[in-house]
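Hydrogens, waters and symmetry mates play no part in the numbers below; they use all other heavy atoms, side chains included. Just so we're on the same page: letters track the sequence lines, and every chain starts at 1.
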Amino acid sequence: MGERSNVAEREKLLELKKVTTHYGPIRVLTDVDMVIYPGEMVCLLGGNASGKSTTLKTILGIVKVSEGEMYFRGERADQLSTAERIERGMAVVPENRRIFSKMTVLENLEMGAYLRDDKKGIKEDMDYVFELFPRVKERLHQKGGTMSGGEQQMLAMGRALMSRPKLILMDEPSMGLAPLFVERIFEIIKQVNERGISVFVVEQNANVALSIADRGYVLQTGEVVLSGPAKELLNNEAMKKAYLGEV
Amino acid sequence: MAVSSVSRAKRKVNWLPWLLLLGIAVIIIGRIIYLYSLDPRFNTAFFLRAFIESVKLGSLYALIALGYTMVYGIIRLINFAHGEVFMVGAFMTYFFFTFTPYPWFISAIYAAIIAYGSMRVLEFFRGSMRDPLVLAAGGVIFIGLTVLVSSITFPFWLALICSMIFTGVLGIVIDRVAYFPLRTAPRNSLLITAIAVSFLLQNLGLLVFTNRQTPFRPDTPLIQPLQLTVGNGQVFSNWLLLAIPLITAILVVVLTLFVNRTRLGKAMRASAQDAETAQMMGVSVNKVIATTFLLGSMLAAAGGAMWGLNFGSLNQPAILGILPGIKAFSAAVIGGIGSLPGAVIGAIIIGFLENFTTAIFPKTATFQGVTEFKDTFAFILLIIVLLVRPSGIVGEDLSEKV
Ligand SMILES: Nc1ncnc2c1ncn2[C@@H]1O[C@H](COP(=O)(O)OP(=O)(O)OP(=O)(O)O)[C@@H](O)[C@H]1O
Ligand SMILES: [Mg+2]
């Protein structure tokens, strides 16, 4: 679509080409085209049930692609298992955080590093997570389920970072958080992104997301209806009406 | 915002089951005190023996119950075929210590099955069946076992280990063939399949093991007599009295360490809580399910082997697994299905109930010479527990928020 020609030459981190997915007989995504470049932060906007979470699940391989192709780091990825995709550098902060509530905070972090064997690297990343979220470090031996919603969000992000990903997929990280806390979470997402980790974030909170993202896509009933640089989307008339709340 | 008051929905407490439990406890304790103070035959030694016997019986149930609870925890299936897996484990042990040495070609078949099973287990740690280490281990096990099985008579412990591996593989095969294709099917289809697998194994057992009484007397020091003097009385039994609880304890500790400390064990707990999220962390949930079947079936095989030792014979393969199976299932439910400590606790409780009641009310051992009346105790307790605490003793409250 409207990509600038100089970036078109860059290597793509993730690319969806005309991806269609189904839940049983019901089609949820139709011909979705998306690209994420290394180091970018891209946000995915859309109303309820527009297929945002399904897009993330498709990228991860939880939901299978029924038509179209997907490439990750230059490699055809739509036939890979979820574990293989994670091994190649994806990580997710799922919708509603999905902390393992009966496992300790430490065990939750360890689950994030499930496919890794390098003890030293894991230790380094754990220290990085503690640096980002001192609160998580304080609660290491507490059961995940006893943490507050905000703490669970931090833990879920820490857990995703533990796999040392190239691309983090986040599904509504601000859901159910107080406005001040949302700002903090996005501050941290930005920090993570500045480390060179690409971020693909689903948000209802379009204003906040677009203000820090590089580009955005807008989904409507499973189709990409709008896409482009974040600034353009922020000023787009249709966007303003539908998602940004006309003042 | 105002502090939200934590208000619990008022639940009507049903007193009847509690009264029943209290009544049962009063009757048992009263009877023990009565016998102990009035009848010289019921001395300390008698009760000590009854106590250990109860733990022993409970241990056997626990080994089976763990399989029910683990499988339920992960795929929410009551694996009705598990009692039959226990039966196969018992008979396979028998076959290993009785008929070895086998002709070399039968040995090769056994060795191939066990080598395959071991490779499957190693696969979990090395990532692939084609890993050179896994292949090498498989080859060594295959050749070593072929030589071993075709040349020596197996001691009991070796028969036990081989039976555990064989039965563990059977568990994986059952999952792969019968349950795997139904992963996304409705729960009821899975349940009916489990019943079908159970019938299939019962009849295969009948076919292969035949319906005659099979004496189960391996050459092991465990069945040597044991005599203990306690106070003015004596306990006459055999070493199994101590060995079965001990072996069970070791297996339970190993299982607990596995589940709590190893990576695969953690993946197992994570999948039990939330399979999809575990998958998002890179856990291959089907592998975890296979491991669950492997471990559950291995424990059941150990239970079966010791069951044979304890009762001295195995008979009627078609029904051998049924009663222990449903009692162990009751134990798992009583303890709180899905919970490992719950299964052990439930099993020990049933062991006590069954064994102690027959010890202090000898007439309940048989009823009109026909039915084993004691068999009903587990189910009476099951019904009461389901009325009082449907989620079981250590199971979390079902109303708890996720
Ligand atoms: N497992 C499933 N089986 C069947 N249909 C599903 C399943 N998951 C989602 N759907 C359907 O797919 C559509 C898109 O759902 P999705 O969760 O992707 O929406 P979303 O954009 O993330 O919405 P929200 O903002 O509410 O989270 C919805 O109509 C939903 O009902
Ligand atoms: Mg969603």
Q. Just how far is it from atom CD of B:Gln273 to atom CE of A:Met111, taken to the nearest 0.5 Å?
A. 9.5 Å

Q: Assess whether atom NZ of A:Lys64 is packed by more than 12 heavy atoms of other residues, nucleotides or ligands within 6.0 Å.
A: yes

Q. Is atom CZ of A:Arg88 surrounded by more than 12 heavy atoms (other residues, nucleotides or ligands) closer than 6.0 Å?
A. yes

(Q) Which atoms of A:Arg116 are under 4.5 Å from chain B, going by heavy atoms: the side chain, the backbone, both sets, or neither? (A) backbone

Q: Determine, for B:Arg263 against A:Asp117, whether the closest basic-nitrogen to carboxylate-oxygen distance falls under 4.0 angstrom.
A: yes

Q: Could you pull out the closest heavy-atom pair between B:Leu264 and A:Tyr114, with the gap in Å?
A: CD1-OH, 4.0 Å

Q.
How about CZ on A:Arg76, more than 12 heavy atoms from neighbouring residues, nucleotides or ligands closer than 6.0 Å, or not?
A. yes

Q.
I'd like to verify something: which residue of B:Ala272, B:Ala278, B:Gly282 has the highest number of heavy-atom pairs under 4.5 Å with chain A?
A. B:Gly282

Q: To the nearest 0.5 angstrom, please state how far the CE atom of B:Met281 sits from the CZ atom of A:Phe100.
A: 5.5 Å

**Q.** Interatomic distance, A:Ile86 atom CD1 to B:Gln279 atom CD [nearest 0.5 angstrom]
**A.** 8.0 Å

Q: Identify which part of A:Leu60 has an atom lying under 4.5 Å from any heavy atom of chain B, answering side chain, backbone, both or neither.
A: side chain

**Q.** side chain to side chain contact (heavy atoms under 4.5 Å, CB included) assessment of B:Lys266 paired with A:Met103
**A.** CA-CA 9 Å; B:Lys266 282 175 192 166; A:Met103 297 170 89; 4.0 Å; yes

Q: Determine whether more than 12 heavy atoms belonging to other residues, nucleotides or ligands lie under 6.0 Å from atom CG of B:Leu133.
A: yes

**Q.** Distance, nearest 0.5 Å, that separates CD of B:Glu276 from CZ of A:Arg98
**A.** 5.0 Å

Q) Side chain, backbone, both or neither: which part of A:Arg159 has a non-hydrogen atom closer than 4.5 Å to chain B? A) side chain

Q.
If you count every heavy atom of other residues, nucleotides or ligands that lies below 6.0 Å from B:Arg76 atom CZ, does the total exceed 12?
A. yes

(Q) I need the B:Thr277 OG1 to A:Glu95 CD distance, nearest 0.5 Å. (A) 11.0 Å

Q: Please look at A:Glu110 and chain B and tell me whether the side chain, the backbone, both or neither of the residue comes under 4.5 angstrom of a heavy atom of that chain.
A: side chain

Q.
Heavy-atom count check: over 12 atoms from other residues, nucleotides or ligands less than 6.0 Å from B:Arg176 CZ?
A. no

